[in-house]
Every structure is written in C-alpha cells, then in structure tokens.
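A note on names: the letters A, B, ... follow the listed sequences, proteins ahead of strands, and every chain is numbered from 1.
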There are 2 protein chains.
Amino acid sequence: MSTIKDVAKVAGCSISTVSYALNNDKRIPDITADRIKKIASEIGYFPSAAARNLKKRNTDTVLVAISDFGGPVYHELLDGIHFQLAKSGYTMIVSTGISSNNLLKERSADGAVITDIHISDQSLIQLAKNFRPIIVLDRRLKDTNIYNMTIDNHKAMYCLTKDILSKGYFKIGYVHGVKDTYDNQTRYSGFLAALQEKGIKVFREYYGNFTKPSGIMIGAELLKDSNLPDMLVCANDEMALGIMETLQKNGKIIPSDIGISGFDDIDLSSYVNPQLSSIKVNHFEWGKTIALTLIKLLKEEEVDIHKQEGIIMIRGSY
Amino acid sequence: MSTIKDVAKVAGCSISTVSYALNNDKRIPDITADRIKKIASEIGYFPSAAARNLKKRNTDTVLVAISDFGGPVYHELLDGIHFQLAKSGYTMIVSTGISSNNLLKERSADGAVITDIHISDQSLIQLAKNFRPIIVLDRRLKDTNIYNMTIDNHKAMYCLTKDILSKGYFKIGYVHGVKDTYDNQTRYSGFLAALQEKGIKVFREYYGNFTKPSGIMIGAELLKDSNLPDMLVCANDEMALGIMETLQKNGKIIPSDIGISGFDDIDLSSYVNPQLSSIKVNHFEWGKTIALTLIKLLKEEEVDIHKQEGIIMIRGSY
DNA sequence: GTGAAAGCGCTAACAC
DNA sequence: GTGTTAGCGCTTTCAC
C-alpha cells in the first residue's frame with residue numbers, strides 16, 4: 001500500500017504539495033500537478049478514505065438504510081438517489097439491519113436516507129443527534145436533524161377514490177394494511193375524504209397487513225359474504241392481487257362482479273388479467289429529489305421539502 | 001460530537017483505559033469497565049469509524065458491488081451475505097456504479113463481493129492489488145486477491161437437458177444470452193454435453209441478450225418458421241418468458257406444440273401459465289457460503305472454493 | 001490495573 | 001509555489 005509519502009518521495013517534493021496537487025489546488029501550476037498525478041497513478045496510489053475522513057471530518061458519502069433488499073418498490077428509488085448523488089460527487093452506500101446501525105453511529109456517512117421500519121423512532125432520534133441530516137421516507141418524525149419526505153398518500157388516494165365514485169360505485173369497501181403505519185393511515189384518510197365529500201359511508205372495512213397472503217385470507221372471507229361490496233379499495237397492490245386471485249379462482253368476475261384497486265403499482269399488477277388499477281410513483285424521479293434535498297442539507301442550504309405526487313393508473317380492474 | 005477524551009474526562013481516567021474498557025480488554029476489571037461503558041452511553045459516545053479504521057488499518061466492513069438494484073436475482077443473495085456477515089460481526093455495505101469504484105480504491109472495506117459487469121477485468125485486477133480479497137460472482141478471473149465463486153451452470157444445464165431428452169424431445173433449439181458472457185458460455189456447454197452424449201445435434205440456435213424484449217423478437221422470428229423445434233432451451237428465464245408470451249399470443253400451445261425451459265427461476269416464472277421449467281439457485285444459502293468464504297479469506301484461513309449447485313425445477317412448460 | 005505517548009495517512013494553516 | 005508542522009480520534013506499546 002502506497003501512501004502520500006511514497007508519492008512525495010518519487011516526485012521529490014513534500015507531502016503537502018502532493019496533497020495540493022491531487023486536490024486540484026490552484027496554487028500548484030498545472031505542469032507540476034500533472035507530473036504528480038502521473039506519478040501517483042503509476043505507483044497505484046489512492047488516498048485512504050479513513051485518513052481523509054478523519055482529518056476532514058466528513059466522508060462525502062451518503063447512507064441509504066433499507067429494510068431488506070426484496071421490496072418491490074426500492075430499485076428505481078435507489079437508482080434515482082445514486083444517479084443524483086454520483087452526479088454531485090457523492091458516494092452512496094446501501095445497508096440493512098445491524099449494518100445500518102453500525103454505519104450510522106460510527107458516522108461512516110455524512111447524511112442518510114432511511115426507509116427501514118426496523119429502526120425505531122427512538123433510536124433514530126438518538127442516532128440523529130450525533131449525526132448529520134437524516135431523511136426518513138417511511139414515517140413522520142420531527143426532531144433535530146430529521147427530515148420527512150413522503151409520498152402524498154392522502155392526495156393520491158383521494159383522487160383515485162373520486163375517480164372511482166365518478167364511475168358510479170357506491171358500495172365501497174376498504175382493505176387496510178398494517179393499521180398504525182403512516183402509509184395505511186394517510187391512504188385511508190384520503191379515501192375517507194373523498195367519500196365524505198359525496199356523503200357516502202364506507203360499506204365495509206377489512207384488515208390485512210400489506211402482504212399477498214393477507215389478501216388471500218380477505219378474499220376467502222369475502223366469498224362467504226352474501227352481500228358483497230361492488231368495489232374494494234386496497235391500501236396496496238399486494239393485498240389487492242391476493243384478493244383478486246382468490247375471487248377469480250372462485251368464479252367472480254372482475255370488474256363486473258366487483259371492482260378493485262391497489263396502491264404502489266408493482267410490476268406484477270400489469271401482468272394480471274385484468275390489469276390492476278393502482279397508484280404509481282415515479283421512484284427514479286423521487287430518488288433524485290431526495291438526493292438533491294439531502295445534498296442541500298449537507299451544504300446547509302435552504303431546503304423546501306415537498307411531498308412526492310402519486311400518478312393514478314386506471315386499468316381494467318374497476 | 002463527543003470523543004474518547006470526553007469519556008475519559010468524565011470518568012476521571014486516561015483515554016487508554018476508556019479504549020481498553022470499551023473494547024473489553026480483560027485487564028480492566030468489570031466494575032471499572034461497566035462504569036466507563038455507562039458513562040459513554042450517557043454522553044452518547046460512539047467511536048469514530050474513521051479514526052479506528054485509520055489506526056487499525058481495517059474496517060470490519062465488506063463491500064458488495066452490484067450492477068444495479070433492479071436485478072431479479074439479487075435480493076436473497078444480499079440477504080444471505082448480510083445474514084452471515086452480521087453473525088460474524090462484520091458490517092455490510094452495498095454499492096453500484098461509480099460509488100463501488102470509490103469505495104474500492106479508497107479501501108473503505110476489508111474485502112468485497114463483486115457482481116457488476118460494468119467493472120472491467122482490467123480495473124478489477126488493478127483494484128485488487130491495493131485491496132484485500134475480492135470474490136467475483138459474474139465472471140472467471142484469476143489474479144492476486146481475486147477469487148471466483150460461481151453457480152455450476154454447466155452441470156445444472158447438463159442435468160436439465162438430460163431430463164428434457166428423457167422426455168423424448170429431439171428437435172431441440174438453444175436460445176443464447178449475451179454471447180461471450182460466462183453464464184451463457186457455461187450454460188451452453190452443459191447443454192451441448194448432454195446432447196453429444198446422446199449423439200443428438202442442436203436443431204437450431206437463436207441469439208438474444210438475456211432480456212425479455214430479445215425473447216419477444218426471437219418469438220416473432222420463430223413464428224415465421226414452418227419447421228419449428230419441438231423444444232427450446234433458453235439461457236435464462238426472461239428470454240424464455242418473452243418467447244412464450246409471443247408464441248402463446250399467436251396460438252401456439254405450450255408444451256404440446258413446443259416445449260420451453262429457462263434458467264434462474266425468477267418469480268414471474270411461477271406466475272405464467274404453464275409455469276416455466278427452470279433452474280433455481282438457493283441464493284440465500286449461496287450468499288451465506290460466499291460470506292463465510294470471504295470471512296475466512298479475511299482471516300487468512302484456508303479456503304476451499306466450490307461452485308453452487310443449481311436445483312432443477314420441472315414444471316409445465318415442457 | 002492504568003497512563004503517557006507514538007503514530008496511522010491525511011489536510012490545511014502558516015511560514016517562507 | 002512549496003515545505004513544515006499540528007492534529008483529526010483512535011489503538012497499542014511500553015513503563016510503572
């Protein structure tokens with residue numbers, strides 16, 4: 001492993017000159033700088049992140065902490081964040097579980113984006129005190145260094161429900177995800193707002209947990225019911241898909257017997273028949289916005305945090 | 001930001017005692033150690049990764065560099081690697097693109113797992129010189145610090161083809177992925193080996209690029225052909241799915257008109273009708289094996305590198 | 001059992 | 001334009 005000293009030795013100058021040259025300090029004339037850079041590359045020198053981070057007290061790195069790598073939603077989000085970060089000269093690292101904790105508390109990044117329900121509000125608040133800005137995507141949380149950027153669930157669900165109502169549906173059931181999550185609550189509230197505006201009551205409510213198996217169970221429950229809703233608004237696609245599959249297997253026709261809608265627009269929703277109407281978010285764009293916001297925060301510039309809009313995808317399922 | 005000095009001040013001892021206590025050095029009696037730990041936690045002290053890494057010349061961190069976050073295969077692999085790494089006290093970071101390069105060259109991790117075709121063999125070899133062990137999953141490459149761990153494509157494809165032959169198919173076509181990739185070559189060679197064993201010639205070969213659109217194009221090409229193969233062995237699922245969709249849309253019945261098989265067993269392959277026969281790898285287990293191997297390498301223990309076996313999933317598509 | 005001190009590889013203030 | 005040097009926050013050797 002070569003160090004800055006080795007470069008200085010070969011170049012016949014001091015280590016500070018090497019440092020200046022490699023960091024493009026204007027005081028070093030181009031000829032000298034180029035010579036030094038050439039030497040550095042010849043002997044295969046790269047500055048040590050550890051040493052630089054220690055001295056500069058920053059890492060030029062952003063951490064993205066996620067729950068797991070299997071979520072159907074994250075890919076474009078991560079790609080979008082990385083795209084913007086790279087463009088601005090930052091390095092992005094992604095982590096899960098205990099690794100996220102280690103990286104956060106030992107300050108291995110200058111800022112972080114969190115979408116990991118396994119990290120409690122408590123420990124996030126504690127971590128944030130020692131840390132630089134943290135953007136949370138999966139909850140609302142107000143504290144030092146913590147910023148919330150969420151999808152405008154309420155608005156998107158409100159618009160979707162208005163569209164459903166305009167199609168003449170009125171026996172409308174709602175399928176909840178995990179009850180006290182931010183996503184479930186805000187989606188539900190948007191749904192309710194649209195119904196209330198028309199003076200319509202919720203026909204029935206069902207309780208799932210955002211997974212397909214919970215949708216399958218709700219589907220089975222529905223089949224026993226002689227007085228079915230004519231429309232089912234689901235808090236996410238996975239449950240909607242589970243319900244749809246169960247209903248169709250048992251001879252129900254969608255959308256003529258019963259309409260159904262989801263939220264998230266996962267890939268599979270375009271593969272089923274009829275295609276599932278849902279709400280989609282341009283995650284790549286959202287990722288870019290998040291990264292841009294975090295970069296401003298890191299530079300201590302003014303930020304104006306806004307919610308990401310959902311896009312309503314009306315297809316064949318209602 | 002509190003440092004080790006702050007803890008020492010409050011505890012009324014030297015920084016070395018704090019360091020010993022926090023690192024569970026047996027020389028410090030439990031009573032003292034506990035007192036110091038309590039103080040540290042009270043003032044919210046966590047050691048700085050940068051300082052520790054610089055002094056210890058290691059990071060206890062492993063980097064996993066991937067092509068992008070959208071690949072259908074990676075989730076369980078990453079989860080498997082993380083599971084094992086966490087169990088052994090390592091932190092895992094995942095990165096793509098330029099970030100991977102930065103992290104690698106600045107030695108932000110002690111070892112790395114690479115599955116990113118965008119990193120050239122050349123730069124990998126160069127990076128590996130300065131770096132600690134690197135395990136590559138997506139190619140064969142022999143050099144200092146570089147270790148290959150791959151799926152036994154040849155064997156899996158050989159076994160699948162043998163099974164296909166035993167079902168009586170003999171006009172067998174092969175659908176290539178990107179021609180000169182490791183995956184394509186080894187899968188093809190397994191296919192050929194099984195045919196040769198029976199003295200059967202390849203009926204026809206088709207050339208795709210591992211994507212669904214390329215499968216769709218091959219499907220269109222097939223439809224123009226009056227003398228179709230009776231079986232299509234594809235280098236991966238995505239192409240197989242594209243072909244299948246195109247053929248079915250045009251009235252061909254699978255498997256009676258033509259059989260088809262894939263490789264990778266992506267989720268979607270169980271959703272189509274008939275379900276696609278394919279080769280599956282237990283990626284979570286494979287991830288654990290990879291992590292275990294890397295940990296041994298980091299500890300400079302003996303390793304015995306073996307290929308991961310594929311599991312043949314015979315379903316309805318042939 | 002505890003402390004003083006050296007030093008990991010850099011950056012940057014300061015001197016010339 | 002270049003060099004000397006202090007010091008970032010730790011770990012660890014050595015002394016006591």
> Atom NZ of Lys56(A) and atom C1' of dA12(C): how far apart are they, to the nearest Å?
Replying inline: 10 Å
>> Once you apply a heavy-atom cut-off of 4.0 Å, does Ser16(B) come out as touching a base, just sugar-phosphate, or nothing?
In response: base
> Is Asn23(A) touching bases, backbone alone, or none of the nucleic acid, heavy atoms closer than 4.0 Å?
Replying inline: sugar-phosphate
> Separation of Arg52(A) atom CZ from dA12(C) atom P, in whole Å?
Replying inline: 11 Å
> Regarding Asn53(A) and Asn58(A), is there a side-chain donor-to-acceptor distance under 3.5 Å anywhere?
Replying inline: no
>> Whole angstroms only, please: what is the CG-C1' distance between Asp25(B) and dT12(D)?
In response: 10 Å
>> With a cut-off of less than 4.0 Å, is there a side-chain N or O of Ser48(B) near OP1 or OP2 of dC10(D)?
In response: no
> What's the CD1-P distance between Ile31(A) and dG1(D), to the nearest Å?
Replying inline: 9 Å
> Between CD1 of Ile114(B) and CE of Met149(B), what distance do you get to the nearest 0.5 Å?
Replying inline: 14.0 Å
>> Counting only side-chain nitrogens and oxygens, does Ser14(A) get under 4.0 Å of the OP1 or OP2 atom of dT4(D)?
In response: no
>> Taking the six-membered ring of Tyr20(B) as reference, does the cationic atom of Arg27(B) (NZ for Lys, CZ for Arg) lie under 6.0 Å from its centre and within 45° of its axis?
In response: yes
> Between Tyr45(A) (OH) and dG9(C) (P), how many Å, whole number?
Replying inline: 10 Å
>> Below 30° counts as parallel, above 60° as perpendicular, anything between as tilted: where do the rings of Phe284(B) and Phe83(B) land?
In response: tilted
> When the distance from CZ of Phe46(A) to P of dG9(C) is rounded to whole Å, what number comes out?
Replying inline: 17 Å
> Should Thr17(B) be listed as having a side-chain N or O under 4.0 Å from OP1 or OP2 of dT2(C)?
Replying inline: no
>> Need to verify one output field. Residue with the more 5' nearest nucleotide on DNA chain D, Lys5(B) or Ile28(A)?
In response: Ile28(A)
>> Considering every strand and a 4.0 Å limit on heavy-atom distances, what is the contact class for Arg57(A): base, sugar-phosphate, or nothing?
In response: sugar-phosphate
> In Å, rounded to the nearest 0.5 Å, how long is the span from CG of Leu127(A) to CG of Leu104(A)?
Replying inline: 4.0 Å
>> In whole Å, I'd like the distance from the CD1 atom of Ile15(A) to the P atom of dC8(C).
In response: 11 Å
>> At less than 3.5 Å, do the side-chain atoms of Tyr20(B) and the base atoms of dT13(D) form a donor-acceptor pair?
In response: yes
>> Can you measure Glu106(A) atom CD to dT11(D) atom C1' for me and round it to whole angstrom units?
In response: 14 Å
>> Quick check for you: among dC10(C), dC14(D), dG3(D), whose closest atom lies nearest to any side-chain atom of Cys13(A)?
In response: dG3(D)
